[in-house]
2 protein chains.
Amino acid sequence: MKKQNSYLSDNLYVEKDKVNSVKKTMKSEKFFHYLAETFKAMSDPTRTKIIFALCQEKELCVSDMAAIIGTTNSAISHQLRTLRNMKLVRYNKIGRLIFYSLDDIHINHLFAEGLRHVEDL
Amino acid sequence: MKKQNSYLSDNLYVEKDKVNSVKKTMKSEKFFHYLAETFKAMSDPTRTKIIFALCQEKELCVSDMAAIIGTTNSAISHQLRTLRNMKLVRYNKIGRLIFYSLDDIHINHLFAEGLRHVEDL
DNA sequence: GAAACAATTGAACAATTGTTCATATATTGA
DNA sequence: TCAATATATGAACAATTGTTCAATTGTTTC
């Protein structure tokens with residue numbers, strides 16, 4: 001017997017069953033948008049450096065991150081805003097210093113998984 | 001006793017020890033660039049939809065992905081190139097159909113971790 | 001209060017990105 | 001060979017991004 005809905009040129013889809021079943025599981029536009037934003041927050045070299053540094057040291061202030069990474073405080077601060085907006089980092093103000101740290105253990109896991117993927121190449 | 005190298009305004013860094021120890025662990029420019037590229041590959045809504053769909057169905061052809069996601073074949077194909085370049089997907093040609101799947105289990109883990117993070121919000 | 005300092009912010013700029021549209025390539029079946 | 005189909009590709013466009021520079025806010029110390 002011929003495999004259902006496969007390779008039929010007069011069909012809108014190649015495999016109607018697959019299309020319908022996957023379609024049912026799809027989440028909202030908002031969900032995918034937010035998911036993409038989360039990955040995007042980790043998609044810049046300066047930001048991966050910041051996150052990597054915060055994996056080594058629980059808390060770091062802006063100037064020290066700039067010194068570690070070798071860029072300006074301004075550039076770091078701009079990127080920290082992105083990380084803050086996406087809730088990847090939180091901060092703790094002590095006098096005029098602001099110590100940043102990763103927001104929760106999920107971020108560590110997510111980042112560690114990315115590290116593993118790249119190290120395997 | 002005063003905490004070493006903390007809050008000293010005549011220092012280039014706030015906490016010299018932290019800066020030096022983290023600096024030693026930093027990876028190469030290339031590494032952070034590649035790591036960022038990997039996250040960037042997942043940082044677009046259309047691409048998160050593609051990856052999500054491929055988490056549900058091991059193999060999907062371009063037309064079916066377009067039908068599931070609700071966009072053109074061309075848009076899907078362009079995004080698949082990005083995913084291909086970053087080795088997030090591989091493909092299997094059968095006649096004029098090309099079935100795409102996630103490249104390895106690492107991608108599933110990485111993506112699943114991202115899903116969990118967003119679902120917790 | 002004034003100077004020094006940590007961090008943030010806004011404007012501006014080049015660089016990159018994602019889509020659409022049109023076209024090209026490749027495979028199938030008549 | 002020709003038409004239909006599946007996918008890929010190139011050009012073009014608006015939109016977004018990351019950095020730098022200059023200015024600003026808020027805190028500490030003198």
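Just so it is clear: chains get the letters A, B, ... in the order the sequence lines come, proteins before strands, and each one is counted from 1.
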Rounded off to whole Å, could you give me the [atom1]-to-[atom2] distance for the [X] and [N] pair?
X: A:Asn73; N: C:dC5; atom1: CG; atom2: P; value: 13 Å
X: A:Phe99; N: C:dT8; atom1: CZ; atom2: P; value: 13 Å
X: A:Lys93; N: C:dC5; atom1: NZ; atom2: P; value: 18 Å
X: B:Met65; N: D:dA6; atom1: CE; atom2: C1'; value: 12 Å
X: A:Ile69; N: D:dT20; atom1: CD1; atom2: P; value: 13 Å
X: A:Leu80; N: C:dT8; atom1: CG; atom2: C1'; value: 11 Å
X: A:Ile98; N: D:dT27; atom1: CD1; atom2: P; value: 9 Å
X: A:Arg96; N: D:dT28; atom1: CZ; atom2: P; value: 7 Å

Determine all donor-acceptor pairs shorter than 3.5 Å in which one atom belongs to a side chain in residues 71-80 of chain B; sequence neighbours excluded.
from    : atom 1 : to      : atom 2 : distance (Å)
B:Thr72 : OG1    : B:Ala75 : N      : 3.1
B:Asn73 : ND2    : B:Ser63 : OG     : 3.4
B:Gln79 : OE1    : B:Arg47 : NH1    : 2.7

Report task. With sequence neighbours excluded, tell me which residues meet side chain to side chain donor-acceptor pair (under 3.5 Å) with B:Arg84. Result -> B:Tyr100
Report task. Not counting sequence neighbours, list each pair that qualifies as a ring-ring contact (aromatic ring centres under 6.0 Å, His included) and has a residue in residues 102-121 of chain B. Result -> none
Query raised in the report: How would you list all residue pairs meeting ring-ring contact (aromatic ring centres under 6.0 Å, His included) that involve residues 39-63 of chain A, not counting sequence neighbours?
Result: A:Phe52-B:Phe32
Report task. Ignoring backbone atoms, test whether B:Tyr91 places a side-chain nitrogen or oxygen under 4.0 Å from the OP1 or OP2 oxygen of D:dA8. Result -> no
**Report entry** nucleotides 14-24 of chain C: protein proximity per nucleotide (B base, S sugar-phosphate only, - neither; heavy atom, under 4.0 Å)
**Finding:** ---SSBBBB--
Report summary line: By salt bridge (Lys or Arg N to Asp or Glu O under 4.0 Å), B:Glu113 pairs with (sequence neighbours left out) B:Arg116
**Report entry** Heavy atoms from other residues, nucleotides or ligands near CZ of B:Phe31 exceed 12 (cutoff 6.0 Å)
**Finding:** yes
